[in-house]
Amino acid sequence: MRSSLLHILAAATLAGSAIGLGCAGSGDGADTADGSGTPDTADGSDASDIAGGDCVTPDGPGLVASYFLAGGLDGTIATVPCTLDDGTATTCYEITTVGAPADHQVGPFCPRTITATAADGGIWLANGEVYDIDGDFIKGLAEFYDDPVWQLYDATTGVVRVTLTQAACEAAARPDVDPDYNNYCVECSLDYVGGGIAETTLIPVNPVARTTPAELGAGIVGLAFNGVHFEAPAPVDAILAAHTIAAFDDCGGHVNTVVGYHYHAATGCSKEVAQCDGHAPLIGYARDGYGIYAMSASGGTEPTDLDACRGHSDAARGYHYHSASAGENMFIGCFMGRVVGTTTGPGPGDPGAGVASCDTVPAGMPCCGDGTCGGPETAANCAEDCP
Amino acid sequence: VTRWIIALLLCAAVPTTALAHDGHTHRAAWDACKESTLGAACSWQDGAKATYRGTCREMHGALMCVRNQPIVPAPAPAEGTKAPQREGKGTP
């Protein structure tokens, strides 16, 4: 079924189409922020267009609460007082997500044998390209990475070494990969975190522009309409050095036990909001409140005037971002708007993410107490482990 | 025999790096900013020699090349030369 996955991904990502891999497509406006079925526009934009299942006419920047799918939320989206990173007191949307996508299944990630097909595994993002993780991909990793040490399977049985328990997934996913899990395909089940980790995100109702970009750091980049977080890419040195791959599912997401399920690529899998003027569809919002749109419109070309954060302005939408391609393993490059809190801080728990904190990582993992923030935290450069 | 000697000398003259498998770096976007600074211009190429241009931004404490220009496909091969092939098993 998924033999054409890569073509679908290409179509969805590169062309920004509304193709969904068994997921809700654009214009699915029957779901509202409060689950009532009645569009509840927060900014006055014409959400009735969404209910019609067609497209919306944008009305400047700013989050539209009704675009979020009720199934991805814990309760309703409220407005609350908040303080931006420059000290400005303002009003934010308080969005609590349940930690599991409202519109598609999670997984599969790692295939179980070297005869597995593309339907049995997820995808791997490397060097600008998207690869199906099937049996042939697992067998070919030594050539793929030009390193004979790669062998994620038992040569006698053909069984792929996969982290099948919570302990294994956490040991393999920690910043300094447990040597026992070298040459493993790493996956974690959402069951390890009770089916999802609820998270509350504050997003300014009225985005406030910055004069200079702010780095993404290690926090949440933004939110998809199905409640899943967009996360920044993590350096790959640690996981590749340990000959592990932290497999993504077909939707570009995977699970760790710190933040749960999250996306690292825009695959066209989650709900998109089509634009009536033919602009690329809206796929979610950045933490600074600006919209994140697909890389390009269907049949269109990518904008040529993107700034360093991958954003630009037009008359209909004001300032907004365009996601990078799925193979680039990222969404946007930085924030051009003010966010609540800081843009630095604890890592989200992905392999190689580094700069972990004892507030957010399980006991026994290295923590950031040494000020070494220029690369992944390891047992060597971290003075103490978390109690 | 002379031809063999010439061939051996030619082989010895070729840098070994040119003979090594080009392979996937898969760190290309990170490597592009390894010796760079925040906000500096950067570029890297994928397996098909398409070029990605942007600036270095910080992600998780490390610099990564964030593309903000459309991807530039590899130039068409000159007549008589072989086009660069995408490596690996899948392409988008």
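In this text, all values refer to a predicted model and were calculated from it rather than measured experimentally.
- To the nearest 0.5 Å, atom CE of residue A:M330 and atom CZ of residue B:R67 are 8.5 Å apart.
- In this structure, the separation between CD1 on B:I71 and CD on A:E328 is 5.0 Å, given to the nearest 0.5 Å.
- In this structure B:W44 satisfies the ring-ring contact (aromatic ring centres under 6.0 Å, His included) test together with B:Y52, sequence neighbours excluded.
- Atoms CD1 and CG, from A:I332 and B:N68 in turn, are 13.0 Å apart once rounded to the nearest 0.5 Å.
- Inter-residue side-chain proximity for A:T304 and B:P70 is flagged as met; some heavy-atom pair is nearer than 4.5 Å.
- Looking only at side-chain heavy atoms (C-beta outward), A:R310 and B:V66 come within less than 4.5 Å of each other.
- With rounding to the nearest 0.5 Å, the separation of CG in A:N329 from CE in B:M64 is 6.0 Å.
- No donor-acceptor pair under 3.5 Å is formed between the side chain of B:E58 and the backbone N or O of A:E215.
- Residue B:R57 comes nearest to A:A308 through the heavy atom pair NH1-CB, 3.8 Å, listed as atom of the first residue, atom of the second, then distance.
- For B:L38, the part lying under 4.5 angstrom from a heavy atom of chain A is the side chain only.
- A distance of 4.5 Å separates CG of A:L240 from CZ of B:R27, quoted to the nearest 0.5 Å.
- With a 4.5 Å cut-off on non-hydrogen atoms, B:M59 touches chain A through its backbone and its side chain both.
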